[in-house]
Protein chains: 2
Amino acid sequence: MTRTGTGTGPEVGTPDGVPVETLAAREDQTFAALANATRREVLRLLREQGPQPVQALADRFAMRRPSLSEHLKVLREAGLVSEERAGRQRIYRLEAAPLADVQDWLHPYERFWRDRLKGLGDLLDRMPDDAET
Amino acid sequence: MTRTGTGTGPEVGTPDGVPVETLAAREDQTFAALANATRREVLRLLREQGPQPVQALADRFAMRRPSLSEHLKVLREAGLVSEERAGRQRIYRLEAAPLADVQDWLHPYERFWRDRLKGLGDLLDRMPDDAET
DNA sequence: AGGATAGGTAGGAGATTGCCTACACGTCAA
DNA sequence: TTGACGTGTAGGCAATCTCCTACCTATCCT
């Protein structure tokens with residue numbers, strides 16, 4: 001797969017000057033990290049019970065510790081967790097910033113389910129996103 | 001991997017009586033569908049340009065039509081799109097309801113990035129989710 | 001009826017994922 | 001210092017993903 005952008009424009013960058021390639025890659029990494037139930041569960045544990053060392057997390061899963069370590073690596077590289085070294089332990093902490101990007105991603109879809117639930121959603125199909133009044 | 005729930009409780013069902021297994025499976029399907037950049041782009045196209053037949057969508061991607069058909073199948077089975085037959089065409093339409101579930105999933109994380117951006121996020125680490133007030 | 005158009009399905013190849021067991025490395029305690 | 005502890009990494013293996021090229025079915029037009 002080559003084109004992940006609009007599929008049309010030249011697409012050199014954003015208004016901020018941030019290369020789109022980077023943004024798209026980060027988005028991809030975030031969604032990929034969230035695609036796994038174990039990793040989502042790790043995020044939940046860190047959220048509900050605060051920062052924890054690896055073994056405490058591993059105890060909650062039916063898999064060997066090295067496997068969980070790999071999941072933590074994916075989360076770390078996606079920026080969804082951070083690690084702090086404390087003696088021979090590494091304390092993992094939730095870093096929710098990338099989830100804010102997911103919420104931003106969701107935003108333009110919001111009116112679709114809100115309007116539809118109010119029963120007047122079919123209008124949307126004749127009035128697409130880029131044709132606002 | 002066996003446990004995708006809390007990792008602790010008996011977890012027989014929800015307050016609504018809906019089996020948790022079904023909910024977790026649906027969540028998994030949704031996140032898995034969103035894990036692919038092509039599929040996210042399809043959703044964006046349907047959102048910005050309204051319902052379209054398969055070929056119109058396929059024209060936007062650097063891949064063969066059958067491959068896109070498979071992506072549409074994934075999206076369909078995740079409930080993110082619906083198809084309506086019109087002659088020999090099949091019009092695909094965005095169905096955003098599962099995205100509302102994603103937003104619900106995001107909610108408990110929200111205060112993490114909001115508070116942290118305000119610079120007082122470290123408090124959260126001493127006051128985890130299930131210890132409110 | 002016969003050809004063209006729209007799109008789903010089958011089956012296969014190559015890459016990626018997710019698990020495992022072994023092992024390496026740094027830290028702490030005796 | 002020596003051994004135990006806490007984690008990450010290497011390498012292997014089976015399953016899944018994502019793309020492809022046929023191929024099939026259904027609809028429309030002449």
Side-chain angles (χ1 to χ4, degrees), chain A residues 1-4 7 24-25 27-43 45-46 49 51-93, chain B residues 1-4 7 24-25 27-43 45-46 49 51-93:
Chain A
M1 186 193 46
T2 305
R3 291 156 65 186
T4 56
E27 178 182 284
D28 222 82
Q29 248 187 336
T30 304
F31 277 109
L34 295 180
N36 181 281
T38 296
R39 290 193 289 266
R40 289 196 304 276
E41 174 70 0
V42 167
L43 295 181
L45 288 169
L46 293 178
Q49 304 172 3
Q52 299 172 51
V54 175
Q55 188 58 57
L57 289 168
D59 288 344
R60 311 302 228 92
F61 296 94
M63 77 177 56
R64 304 295 176 179
R65 190 199 39 76
S67 301
L68 187 70
S69 254
E70 286 158 18
H71 284 302
L72 289 172
K73 183 178 188 178
V74 173
L75 290 170
R76 210 186 318 125
E77 291 175 346
L80 284 161
V81 303
S82 61
E83 73 168 30
E84 175 199 357
R85 309 171 92 108
R88 43 189 163 177
Q89 300 190 117
R90 305 199 185 183
I91 311 299
Y92 278 84
R93 175 191 309 260
Chain B
M1 188 194 45
T2 305
R3 292 155 64 185
T4 57
E27 179 182 283
D28 222 83
Q29 246 188 337
T30 304
F31 277 108
L34 295 181
N36 182 280
T38 297
R39 290 193 291 265
R40 290 196 304 276
E41 174 70 0
V42 167
L43 295 180
L45 287 169
L46 293 178
Q49 304 173 2
Q52 299 173 52
V54 175
Q55 188 57 56
L57 290 168
D59 288 344
R60 310 304 228 90
F61 296 94
M63 77 176 56
R64 305 295 177 181
R65 190 197 39 76
S67 301
L68 186 71
S69 255
E70 285 158 20
H71 284 302
L72 289 172
K73 183 178 187 177
V74 173
L75 290 169
R76 211 187 315 126
E77 290 174 347
L80 284 161
V81 303
S82 62
E83 72 168 31
E84 174 200 356
R85 309 172 91 107
R88 42 190 162 176
Q89 299 191 115
R90 305 197 185 186
I91 310 300
Y92 278 84
R93 174 191 310 258

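For the numbers below, each heavy atom of this structure counts, side chains included, while hydrogens, waters and symmetry mates do not. Throughout, a chain's letter reflects where its sequence line sits, starting with A, and its residues are numbered from 1.
Put simply, B:Ser69 has a side-chain N or O that comes within less than 4.0 Å of OP1 or OP2 on C:dG8. The side chain of A:His71 places no N or O atom within less than 4.0 Å of a non-bridging phosphate oxygen (OP1 or OP2) of C:dT17. Checking the phosphate oxygens (OP1, OP2) of C:dG18, no side-chain nitrogen or oxygen of A:Ser67 falls inside 4.0 Å. Under 4.0 angstrom from either OP1 or OP2 of D:dT21 there lies at least one side-chain N or O belonging to B:Arg64. At C:dA6, none of the side-chain N or O atoms of B:Tyr92 fall inside 4.0 Å of OP1 or OP2 (strictly under the cut-off).
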B:Arg60 vs B:Leu68, side chain to side chain contact (heavy atoms under 4.5 Å, CB included): CA-CA, chis, key distance, verdict = CA-CA 10 Å; B:Arg60 310 304 228 90; B:Leu68 186 71; over 6 Å; no

In sequence, state the C-alpha distance, the side-chain angles, and the governing distance for A:Asp28 and B:Arg40, and then conclude on side chain to side chain contact (heavy atoms under 4.5 Å, CB included).
-> CA-CA 10 Å; A:Asp28 222 82; B:Arg40 290 196 304 276; 2.9 Å; yes

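Put simply, CG on B:Leu72 is 10 Å from P on C:dG7, counting in whole angstrom units. Atom CZ of A:Phe31 and atom C1' of C:dT16 are 20 Å apart (whole Å). We find that CZ of A:Arg76 is positioned 12 Å from P of D:dT7, with the value rounded to whole Å. Between B:Leu57 atom CG and C:dG8 atom P the separation is 10 Å, expressed in whole Å. Between the CD atom of A:Gln55 and the C1' atom of D:dA4 there is a distance of 14 Å, given to the nearest Å. Across the protein-nucleic acid pair, A:Lys73 atom NZ and D:dG8 atom P stand 10 Å apart, rounded to whole Å. Remark: P of C:dG26 and CD of A:Gln89 are 18 Å apart, rounded to the nearest angstrom. Distance, A:Leu68 CG to C:dT21 P: 15 Å, rounded to whole Å.
When the nucleotides C:dC19, C:dC20, D:dC19 are ranked by their closest atom to the side chain of B:Met63, D:dC19 comes out on top. When distances run from any side-chain atom of B:Glu83 to the nucleotides C:dG8, D:dG8, D:dC19, the shortest one goes to C:dG8. Comparing C:dC20, D:dC5, C:dG7 by their closest approach to the side chain of A:Arg88 singles out D:dC5. Of the candidate nucleotides D:dT18, C:dT27, D:dT9, D:dT18 has the atom nearest to the side chain of B:Asn36. Side-chain proximity of B:Arg39 to C:dC20, D:dT18, C:dG8: nearest is D:dT18.
Residue A:Pro66 is in base contact, counting any heavy-atom pair closer than 4.0 Å across all strands shown.
Along DNA chain C, the nucleotide nearest to B:Ala56 and the one nearest to A:Arg65 differ in position, and the one closer to the 5' end is contacted by B:Ala56. The nearest heavy atom of DNA chain C to B:Pro53 and to B:Glu70 marks one nucleotide each, and the one closer to the 5' end goes with B:Pro53.
Residues A:Lys73 and A:Ser69 are not in side-chain contact: their nearest non-hydrogen atoms beyond the backbone lie 4.5 Å or more apart.
The two residues B:Leu72 and B:Val81 have their closest heavy-atom pair at O-CG2, 4.0 Å.
B:Arg39 places a side-chain N or O within 3.5 Å of a backbone atom of B:Ala33 that can act as its donor or acceptor partner.
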